[in-house]
S.K.: 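Before anything else, here's the structure in question.
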There are 2 protein chains.
Amino acid sequence: MIIQQLSESTEMYLKAMVELSDREMVAIGRLAERLSVTAVSTNEMMRRLGEQGLVKHTPYKGVALTKKGREVACNVLRRQRLWECFLYDHLKIEWTQLYELACSLEHATAPEVTEALAVFLGNPKTCPRGNPIPAADGSFVPLNGIPLSEAAVGATVRVLAVNATATDVIQHLFERGLLPGHKVKVVEAAPLQGPLTLCVDPPEKNGAGGKETVLGLSLAEFVIVES
Amino acid sequence: MIIQQLSESTEMYLKAMVELSDREMVAIGRLAERLSVTAVSTNEMMRRLGEQGLVKHTPYKGVALTKKGREVACNVLRRQRLWECFLYDHLKIEWTQLYELACSLEHATAPEVTEALAVFLGNPKTCPRGNPIPAADGSFVPLNGIPLSEAAVGATVRVLAVNATATDVIQHLFERGLLPGHKVKVVEAAPLQGPLTLCVDPPEKNGAGGKETVLGLSLAEFVIVES
DNA sequence: AATTAACATAAGGTTGCCCTTATTATTGCC
DNA sequence: GGCAATAATAAGGGCAACCTTATGTTAATT
């Protein structure tokens, strides 16, 4: 596995792809939106990545990572999440800032630093946001959960991970207590893709307690819960 | 002190300036050489940095950092050297690789990470290469030493720091045991800017011991010893 | 079958940072 | 005072990664 030096931009595209959908095709539009670039720029980049054998673009269908592309992407994800562990556990950086700060570092991290960091941290399996950390050999078992937006009304589920990358979105979820390990009850789902009414940390027995909050459906997509 | 987001390239130029000469003018040529770019590119960059108020360029004399430029440069140096501490003390990265690996990280390090890292490390005063770490407020007392190339023949001096940035140079010095804390005796200086003959870790009393080695004068410039 | 939204592609532009080549200016030194 | 070495400037180019605008193409929906 020879990983040539790829640009930060390239790494971001690949990472976004693996974050958006593991092994499935990703629509160019979704990718562009996530990366805050235009679809034209994304198309252009996909052509370049295609030439490098990192992605396969099927016009009008979407793009998918190749084996090589997925390897690189998982490696980026590994670096990102290891840094998140370090920043949170050792530097006491605020939970809401982890993604952004770790993201900058990840692109500047040489393989020997990545592996030494993993050893230093004790080879953690998940990051503070609840996402699994790909192994050094590239193996990566994605989380087995569903977005909160797809949970059944009335169900009480445990939050496994928060998937958001935009700091304001993360902040919004954090303020509502939607963190890994916490439980949440879906009280109501408004019709027409309306927001969810939730009860975060509901009491074990019926009765008062927990925090009621309303969450937009598109935000609820970022919260991965037990299926 | 508002530090706007500066490019990696900008930071490298500023760092090189403060490393080359504290407060004095630096010749464009030297700067270019250190950064492995052409003098034309360096001139161009100095114009840009001048426009941003980071440097003052006096044609045919050289460039000097402004107050603002020096602040930024010291901040870069701080990040660089804090990372060196972390990489060496906690990740057990090889001494010869510290500069290069810390350099990548430094540009990706947000202020809150820098300060949290400093706290984590216990606010170290020097990096593993022996160089002082600028304080958070920007104050920075450069090392009070002289290059080994200027030490008197016959003198035995202690190595304070190694200033080199190129990994091959660092490797060369490392192999000869020229590390901070070690003593070195200048046995002979060949004429016409010839190499030095050294004895590294000489015995306390006269007698055998220590390691004899020959070191080019330009390499000896990178070794800072007690004056 | 027609329409619309999403996507693809072409063309041309910008910015930052680097390059080469060539010409001119200055400085320090013999 | 003249001559190298060094420095500055001008002109033209390249590359990566973005942008806008405009024009086709496909797929999904009605």
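Below, chain A is the first sequence line, B the second, and so on; all start at residue 1.
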S.K.: Any idea which of dA17(D), dC18(C), dA8(D) is nearest the S7(A) side chain?
M.R.: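 That would be dA17(D).
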S.K.: Name the closest nucleotide to the E44(B) side chain, picking from dC18(D), dT20(C), dC17(C).
M.R.: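 In terms of side-chain proximity for E44(B), the closest of dC18(D), dT20(C), dC17(C) is dC17(C).
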S.K.: In terms of side-chain heavy atoms of S41(B), which of dA8(C), dC18(D), dC19(C) is nearest?
M.R.: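 Side chain of S41(B) sits closest to dC19(C).
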S.K.: For T126(B), is there any backbone N or O sitting under 3.5 Å from a side-chain donor or acceptor partner on R81(B)?
M.R.: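 Here the side-chain-to-backbone pair does not exist.
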S.K.: Check whether any side-chain N or O of R48(A) sits under 4.0 Å from OP1 or OP2 of dA16(D), and answer yes or no.
M.R.: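 For R48(A), the contact criterion (side-chain N or O under 4.0 Å from OP1 or OP2 of dA16(D)) is not met.
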S.K.: Rounded to whole Å, please give me the gap between CD in E8(B) and P in dA16(D).
M.R.: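 Taking atom P of dA16(D) as the reference, CD of E8(B) is at 17 Å.
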S.K.: Among dC18(D), dA8(D), dC19(C), which nucleotide has an atom closest to any side-chain atom of N43(B)?
M.R.: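 Selected nucleotide: dA8(D).
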S.K.: Ignoring hydrogens and angles, tell me if any N or O in the side chain of T114(B) forms a donor-acceptor pair with the backbone of A110(B) under 3.5 Å.
M.R.: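 Yes.
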S.K.: Which nucleotide in the list dA8(C), dT20(D), dC17(C) gets nearest to the side chain of S9(B)?
M.R.: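 Out of dA8(C), dT20(D), dC17(C), the nucleotide with an atom closest to S9(B)'s side chain is dC17(C).
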S.K.: Measure the distance from CG on L35(A) to C1' on dC19(D) and round it to the nearest whole Å.
M.R.: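 Between C1' of dC19(D) and CG of L35(A): 16 Å.
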S.K.: Quick check on dA7(D): is either OP1 or OP2 less than 4.0 Å from any side-chain nitrogen or oxygen of H57(B)?
M.R.: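 For dA7(D), neither OP1 nor OP2 has a side-chain N or O of H57(B) closer than 4.0 Å.
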S.K.: Measure the distance from CZ on R30(B) to P on dA8(D) and round it to the nearest whole Å.
M.R.: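 Spelled out: CZ on R30(B) to P on dA8(D) is 15 Å.
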S.K.: Could you state the CE-C1' distance from M45(A) to dA16(D), rounded to the nearest angstrom?
M.R.: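 Going from CE in M45(A) over to C1' in dA16(D) covers 8 Å.
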S.K.: Rounded to whole Å, please give me the gap between CE in M46(B) and C1' in dT6(D).
M.R.: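 For the pair M46(B) CE and dT6(D) C1', the rounded distance is 17 Å.
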S.K.: Quick one: which of dG28(C), dT9(C), dC18(C) gets closest to the side chain of K61(B)?
M.R.: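 That would be dG28(C).
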S.K.: In terms of the angle between their ring planes, are F86(A) and F86(B) parallel, tilted or perpendicular, with boundaries placed at 30° and 60°?
M.R.: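 Plane angle between 30° and 60°, so tilted.
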S.K.: Once you round it to whole Å, what is the distance between C1' of dA8(C) and CG of L31(A)?
M.R.: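 The answer, rounded to whole Å, is 15 Å.
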S.K.: Go nucleotide by nucleotide along DNA chain D from the 5' end; which of A39(B) and V40(A) gets its closest nucleotide reached first?
M.R.: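 Taking each residue's closest nucleotide, the earlier one in sequence belongs to A39(B).
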S.K.: From the options dC19(C), dT9(C), dA17(D), select the nucleotide whose nearest atom is closest to the side chain of T38(B).
M.R.: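 Of all the options, the side chain of T38(B) is nearest to dC19(C).
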S.K.: Among residues two or more places apart or on two chains, list those pairs meeting salt bridge (Lys or Arg N to Asp or Glu O under 4.0 Å) that have a residue in residues 34-49 of chain B.
M.R.: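 Qualifying pairs: E19(B)-R34(B), E44(B)-R48(B), R47(B)-E51(B).
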S.K.: From dC19(C), dT27(C), dA17(D), pick the nucleotide closest to the side chain of Y60(B)?
M.R.: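 Selected nucleotide (nearest to the side chain): dT27(C).
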S.K.: Can you tell me how the ring of F120(B) sits relative to the ring of H90(B), calling it parallel under 30°, perpendicular over 60° and tilted otherwise?
M.R.: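 F120(B) and H90(B): tilted rings.
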